[in-house]
Amino acid sequence: MSSIDLAELSRILGKRGFDCEIVGDPGTEIRSVNTLEDATSGEISFLANPKYRQQLDTTRASAVIVGRDDQIPEGLTVIRCADPYAAITVAIIHIHGYREHPQWGRDERAMIDASATIGDNANIAPNVTICRRVTIGANATIYPGCFVGDDVTIGDDVILYPNVVIYDGSCLGDRVALHSGTVVGEDGLGYVPVDGAWFKIPQIGRVVIEDDVEMGACCTLNRATLGETRIGRGTKFSDGVVIGHGTKVGQHCMFVAQVGIAGSVNVGDNVSLAGQVGVCGHLEIGAGVTVGAKSVVYASIPPGQDYLGYPAVESRAYRKQVAAARRLPDTQKRLRDLEREVERLRSRLAGA
């Protein structure tokens, strides 16, 4: 962690394309980044969401990155720019850097088969198992408890956090990061009913993870029955994401925690699935689709759509459904009143 003054931070942001303006003391020293609520002297924070605007009045941060038009309390030192969220990201990287990994070299307590090929600058922890004919690229970091099965290929600069399991035949590209407990290449749910019992279908496909993919803790990717389960370049998963066998996920997708996708689904590029979204098997999710939290997708979705609900429908239609549901008690009362009025009119007509 390094200390920096606001003038230097502004220059760094300028080199990254941010047009910044300092209001206050450019010599203010910054040693850390924190939230508006928790920041103290020597720390910088940011305001990107208007709901936290009132915290500018009470924050103890030495400086805050704000938008160009944000109103600020008198005496608060700020950096104004067009995109505070992106600017604070640059500040975090410069001040804090990325996680530093323990350095084991190639620990003698790791079990590495003689047929495995390990690249330069390998960083392999104790109690790692690397099986037959594995190929691992340069600068790999593999934490304790990881298992890498036969014939696995792993690219350069890959990070496997504790207890990651890579089943046989799987392929990981460069700069892939898999967090603790993630499992790649387990058998998919492949069974056929025979005489009232389930008969297992051998899962002879594999899993391919392209470059620059990161997955959170406890994700699971099923190997394909035939062919490949594939995760596209630059895609990011939160924790507990499950991908069924034979599913193809495009590039630069974002899946939030507990997303579950059944088998043989094709997901386009730049798709965002919020927490606990479920997708049924054999569907097509078009490029640029966004699906809201806890939605269940029963039918294919065209590109560029925004879906929500159970079952998932276009967001505008879902909001209309919710609005209509909120009016149901009043609608029911009006209906009962009309029914009573009709009965009164019928009684009058019958007695006329």
Side-chain angles (χ1 to χ4, degrees), residues 1-2 92-93 95-188 202-224 228-231 233-243 245 255 257-258:
M1 186 184 302
S2 60
I92 292 170
I93 293 170
I95 297 170
H96 294 272
Y98 290 97
R99 179 182 287 110
E100 293 185 5
H101 303 290
Q103 296 299 307
W104 302 283
R106 191 184 299 190
D107 194 282
E108 61 183 13
R109 290 165 292 179
M111 297 177 60
I112 303 175
D113 190 87
S115 64
T117 301
I118 311 295
D120 295 338
N121 302 315
N123 187 27
I124 300 176
N127 304 318
V128 168
T129 300
I130 297 175
C131 297
R132 298 172 298 175
R133 300 176 299 277
V134 168
T135 299
I136 297 177
N139 308 311
T141 294
I142 303 180
Y143 276 74
C146 290
F147 174 89
V148 182
D150 293 346
D151 302 302
V152 167
T153 300
I154 293 176
D156 297 340
D157 302 296
V158 166
I159 304 169
L160 305 182
Y161 287 97
N163 301 318
V164 167
V165 175
I166 312 295
Y167 277 68
D168 54 292
S170 300
C171 179
L172 279 62
D174 297 336
R175 299 172 300 281
V176 169
L178 305 180
H179 287 267
S180 298
T182 286
V183 178
V184 175
E186 70 159 327
D187 285 359
Q203 306 291 286
I204 62 172
R206 65 172 184 163
V207 173
V208 177
I209 300 176
E210 296 181 4
D211 298 346
D212 301 301
V213 169
E214 183 163 3
M215 298 182 185
C218 300
C219 296
T220 303
L221 279 69
N222 296 163
R223 73 193 310 113
E228 294 178 346
T229 300
R230 179 175 287 267
I231 308 300
R233 180 186 181 99
T235 284
K236 315 297 182 187
F237 290 176
S238 182
D239 302 333
V241 172
V242 177
I243 305 297
H245 53 179
F255 293 178
Q258 299 179 15

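Note: D150 CG to D113 CG = 7.5 Å, rounded to the nearest 0.5 Å. Within the model, atoms OG1 of T135 and CD1 of I118 stand 8.0 Å from one another, a figure rounded to the nearest 0.5 Å. With values rounded to the nearest 0.5 angstrom, F255 atom CZ is found 6.5 Å from T235 atom OG1. Atom OG of S180 sits about 14.5 Å away from atom CE of M215, to the nearest 0.5 Å. The structure places NE2 of H179 at 9.5 Å from OH of Y143, a figure rounded to the nearest 0.5 Å. The CZ atom of R109 lies 7.0 Å from the CG atom of N127; values are rounded to the nearest 0.5 Å.
When side chains are defined from C-beta on, H101 counts as touching I159, because their heavy atoms get closer than 4.5 Å. Counting only heavy atoms from C-beta outward, the side chains of I124 and D107 never approach each other to under 4.5 Å. A heavy-atom distance below 4.5 Å is not found between the side chains of V176 and I154. With contacts defined as side-chain heavy-atom distances shorter than 4.5 Å, the pair C218/D239 does not qualify. Side-chain contact between I243 and F237: present, with at least one pair of heavy atoms (C-beta onward) separated by less than 4.5 Å. Between T220 and N222 there is a side-chain heavy-atom pair separated by less than 4.5 Å. Counting heavy atoms from C-beta on, the side chains of V148 and V164 never come closer than 4.5 Å. Considering only heavy atoms from C-beta on, Y98 comes within 4.5 Å of I93 through its side chain.
Salt bridge status for R223 with D168: present, with a side-chain N to carboxylate O gap under 4.0 Å. Between R175 and D157, none of the side-chain N atoms (NZ, or NE/NH1/NH2) sits under 4.0 Å from a carboxylate O, so this pair counts as no salt bridge.
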Open item on the list: The test is side-chain contact (heavy atoms from CB on, under 4.5 Å); show your working for M111 and V128 and say whether it passes.
Closed with: CA-CA 6 Å; M111 297 177 60; V128 168; over 6 Å; no
TODO: Apply side-chain contact (heavy atoms from CB on, under 4.5 Å) to L172 and V213, showing your working.
DONE: CA-CA 9 Å; L172 279 62; V213 169; over 6 Å; no
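Heavy-atom minimum distance, C131 versus G149: CB-C, 3.7 Å. In terms of heavy-atom proximity, E186 sits nearest to V183 at CB-CG1, 4.1 Å. Between A125 and A110, the shortest heavy-atom distance links the atoms O-CB, 3.5 Å.
Checking side-chain atoms of E108 against main-chain N and O of R106 turns up no donor-acceptor pair under 3.5 Å. At distances below 3.5 Å, at least one donor-acceptor pair connects side-chain atoms of K236 with backbone N or O atoms of D212. Under the 3.5 Å distance criterion, the side-chain polar atoms of S115 are matched with a main-chain donor or acceptor of R133. Under the 3.5 Å distance criterion, the side-chain polar atoms of D174 are matched with a main-chain donor or acceptor of D156. One N or O on the side chain of T182 and one on the backbone of C219 form a donor-acceptor pair closer than 3.5 Å. Using modelled atom types, no side-chain atom of Q203 and backbone atom of D187 make a donor-acceptor pair closer than 3.5 Å.
Of the N and O atoms on the side chains of N139 and N121, at least one donor lies less than 3.5 Å from an acceptor on the other residue.
For the side-chain contact (heavy atoms from CB on, under 4.5 Å) criterion with I209, the lone passing option out of V158, T229, L221 is L221.
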